[in-house]
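Read the structure below first, then the notes.
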Protein chains: 2
Amino acid sequence: MADVAAIAGVSAQTVSRVANGLTNVDPSTKDRVVAAMNEIGYRPNSAARALKTGRFKSIGVIMFTLSTFGNMRTLDAIATAAAQAGYSITLIPIALPTQVELLGAFDRLGEHAVDGIIVIVESHILDRSDVSLPTGLPVVIVDSDAGDKYSVVDTDQAAGARDATRHLLELGHRTVWHVSGPEGSFSASRRRDSWEATLVAAGADVPEVLIGDWTTNSGYLCGLELAKRGDVTAVFAANDQMALGLMRAFHENDIAVPGRISVVGFDDMQEASSFWPPLTTVHQDFGAVGRLCLEKLLDQIDGNSTSRGVAVIPTTLIERQSTAAPASGA
Amino acid sequence: MADVAAIAGVSAQTVSRVANGLTNVDPSTKDRVVAAMNEIGYRPNSAARALKTGRFKSIGVIMFTLSTFGNMRTLDAIATAAAQAGYSITLIPIALPTQVELLGAFDRLGEHAVDGIIVIVESHILDRSDVSLPTGLPVVIVDSDAGDKYSVVDTDQAAGARDATRHLLELGHRTVWHVSGPEGSFSASRRRDSWEATLVAAGADVPEVLIGDWTTNSGYLCGLELAKRGDVTAVFAANDQMALGLMRAFHENDIAVPGRISVVGFDDMQEASSFWPPLTTVHQDFGAVGRLCLEKLLDQIDGNSTSRGVAVIPTTLIERQSTAAPASGA
DNA sequence: GTGCCACTTGTTTACGTAAACATGCTAGCG
DNA sequence: CGCTAGCATGTTTACGTAAACAAGTGGCAC
């Protein structure tokens with residue numbers, strides 16, 4: 001900056017003003033400064049700027065595994081919205097969704113330069129009242145029950161699971177089986193609870209739950225189990241990938257979908273419309289989740305907003321060809 | 001830091017030494033300092049540290065769309081490896097893979113605090129000799145032809161496409177059709193060129209290429225085209241998602257896969273093994289790509305390495321059930 | 001003509017840290 | 001017993017920027 005000032009024949013302060021686009025600079029002076037900047041390839045030093053202003057223009061995202069479809073879409077939306085707001089994203093992956101790992105990530109982020117943090121960790125650990133994140137930094141959490149302690153953005157998973165289950169019941173199925181996500185997952189238990197409540201409300205039997213781990217392969221294994229039974233006509237899988245695994249198992253056992261068994265998924269991943277058969281599923285608006293996360297976080301950073309409360313993003317049931325009325329003989 | 005020093009009764013410099021784990025500190029003094037740190041919840045200010053040291057302990061990743069499977073896996077590996085090396089990831093998404101966008105992202109990253117940059121943009125823009133990135137920062141590029149100017153990590157797409165094509169020829173197919181990725185994509189043209197070269201080398205006809213855009217839906221549309229023809233027995237799709245779309249189109253037209261048409265994909269995404277039929281595809285080791293990117297970048301940052309050259313990650317053909325010998329009548 | 005105000009530009013200072021240098025203490029050796 | 005080497009610790013300084021304050025210039029109204 002000093003070099004730029006020398007070349008342009010002005011003070012460093014004036015260079016600073018030009019760099020920050022302040023108004024009180026004479027146009028001719030500004031031109032000289034800009035020319036000098038280009039001449040020596042000046043780039044403002046963000047570290048010094050951050051040191052002076054106390055703002056980093058960066059937000060941290062703590063994620064457990066990028067490899068699930070929804071997390072990635074959410075991250076994409078956050079990153080895009082952040083870029084528009086002039087913020088960059090600092091990504092901290094954690095290897096396991098445990099409290100220790102999460103707190104470690106928080107520490108690392110505390111040492112790095114962020115103005116706020118978004119946590120995307122599908123786990124109940126933050127819901128326990130005895131677990132708290134270090135304070136001092138604005139935080140937004142995705143898909144959690146901790147709305148009383150933090151600001152939370154949540155997809156309306158209960159409504160989605162209810163719609164999926166009800167859809168199958170309305171088609172005439174006596175009951176609906178469920179392939180759940182893993183035990184510790186908040187989203188999994190929300191979907192499962194809502195499925196069960198919907199069955200109970202409709203007076204339907206509640207079959208034993210099969211538990212997967214979100215992967216297609218776990219869905220496949222559950223599908224093999226279900227294929228052995230003769231009484232299954234409808235299955236609600238807690239995500240599209242497991243639904244895909246289910247359908248593979250049914251295909252291999254010559255069970256027609258939806259002829260003999262109807263299948264519903266959850267997520268509406270891009271590929272779902274091209275599964276065979278095209279999958280009826282619950283659409284989640286991950287883009288809206290990401291954008292809202294950023295909006296709430298920036299509000300906190302700017303001090304305009306409370307730091308708790310839950311915002312819910314609605315879901316939509318997308319009917320494709322994997323569901324139908326049960327066979328007349330059933 | 002000053003507060004910590006006052007509480008511990010030492011100088012700020014000693015606190016700095018403790019914070020950085022230097023050796024020349026008396027254990028009892030160190031304990032006092034650590035106790036004081038915990039007492040007031042001291043966190044080193046990374047901006048000040050970066051200002052002083054010139055190192056940010058952060059690397060930037062410029063990506064075009066997180067929503068493709070491979071990019072995400074690569075990012076995941078980079079982030080994990082970076083965390084282990086004590087670096088954080090700053091993510092800069094770009095809306096379009098154009099030169100303007102890319103340079104803009106580069107500028108933004110230059111203003112932010114990074115020690116090096118990884119570019120994951122499927123596009124030829126960097127290959128043109130008249131396009132250069134601003135210098136001064138170590139750069140690693142994924143899947144590009146610019147190895148003479150930059151350090152590049154590339155999957156061996158040519159070998160993968162060759163293996164896929166040859167696999168189908170060896171099964172007895174007269175020729176192999178191809179559904180390509182979009183025009184501007186480096187990966188797409190590499191796979192397409194290699195497919196064509198393999199056919200020519202085998203003395204097979206080279207059918208007209210169908211062009212998709214990586215999405216399942218574009219694959220579906222191409223599949224509808226192919227379904228109209230009677231002479232297609234084998235198709236190599238440039239990624240798994242388009243292969244899925246192809247198979248949907250074939251299913252809808254009662255064309256058996258692999259009975260009447262064999263299909264091969266590219267990527268080996270997690271779901272591919274549960275497609276119906278399970279997809280024969282070319283496995284890419286995205287984890288290795290990400291790890292190698294980071295390794296090469298850190299070498300450059302530490303000054304141990306040249307800033308150009310190509311590293312190639314091998315691919316593996318995974319044979320599943322979407323390929324078979326052509327029907328005897330064909 | 002005088003005084004005041006608006007506007008541009010310069011000067012001083014401080015942000016929190018770590019490098020370089022300086023000091024003081026202890027132990028070991030002749 | 002005195003000198004020196006080595007180690008723990010303190011002092012000074014600088015990193016690049018932006019806020020706060022100061023100063024200079026010109027125009028306009030009375």
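Chain identifiers are assigned alphabetically (A, B, ...) following the order of the sequence lines, protein sequences preceding nucleic acid strands; residue numbering begins at 1 within each chain. This structure is a prediction, so every number in the text was calculated from the model and none was measured.
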Nearest heavy atoms of A:Lys57 and A:Ala85, plus distance in Å: NZ-O, 4.0 Å

A:Asp26 bridged to A:Arg32 by N-O distance under 4.0 Å: no

Protein-nucleotide distance (B:Lys52, atom NZ; C:dC15, atom P), rounded to Å: 16 Å

Short side-chain N/O contact from B:Thr14 to OP1 or OP2 of D:dG10, under 4.0 Å: yes

A:Thr90-B:Ser88 side chain donor-acceptor pair, cut-off 3.5 Å: no

Length of the CG-P vector between B:Asp26 and D:dG6, whole Å: 19 Å

C:dG16 phosphate, OP1 or OP2, under 4.0 Å from B:Arg49 side-chain N/O: no

Nucleotide C:dG16, atom C1' - distance to CZ of A:Arg55 in whole Å: 19 Å

Atom-to-atom span, CZ of A:Arg17 to C1' of D:dA20 - whole angstrom: 11 Å

Nearest-Å distance for atom pair CZ/P, residues B:Arg32 and D:dA8: 14 Å

Whole angstrom value for the distance that separates P of D:dA8 from CG of B:Leu22: 11 Å

For atom CZ of B:Arg43 and atom C1' of C:dC15, their distance in whole Å: 20 Å

Toward the 5' end of DNA chain C, by each residue's nearest nucleotide, A:Gln13 or A:Pro27: A:Pro27

Sugar-phosphate only, base, or nothing, as touched by B:Ser11 at under 4.0 Å among non-hydrogen atoms: base

Atom-to-atom span, CG of A:Asn45 to C1' of D:dG16 - whole angstrom: 6 Å

Sugar-phosphate, base or nothing in reach of A:Val15, heavy atoms under 4.0 Å: nothing

5'-most by nearest nucleotide on DNA chain D - B:Ala48 or B:Val25: B:Val25

Donor + acceptor pair across side chains of A:Gln157, A:Asp143 (<3.5 Å): yes

Among C:dG16, D:dT9, D:dA18, the one nearest A:Leu51 by side-chain distance: C:dG16

Salt-bridge present (A:Arg190, A:Asp154; N to O < 4.0 Å): yes

OP1 or OP2 of D:dA8 under 4.0 Å from side-chain N/O of B:Thr29: no

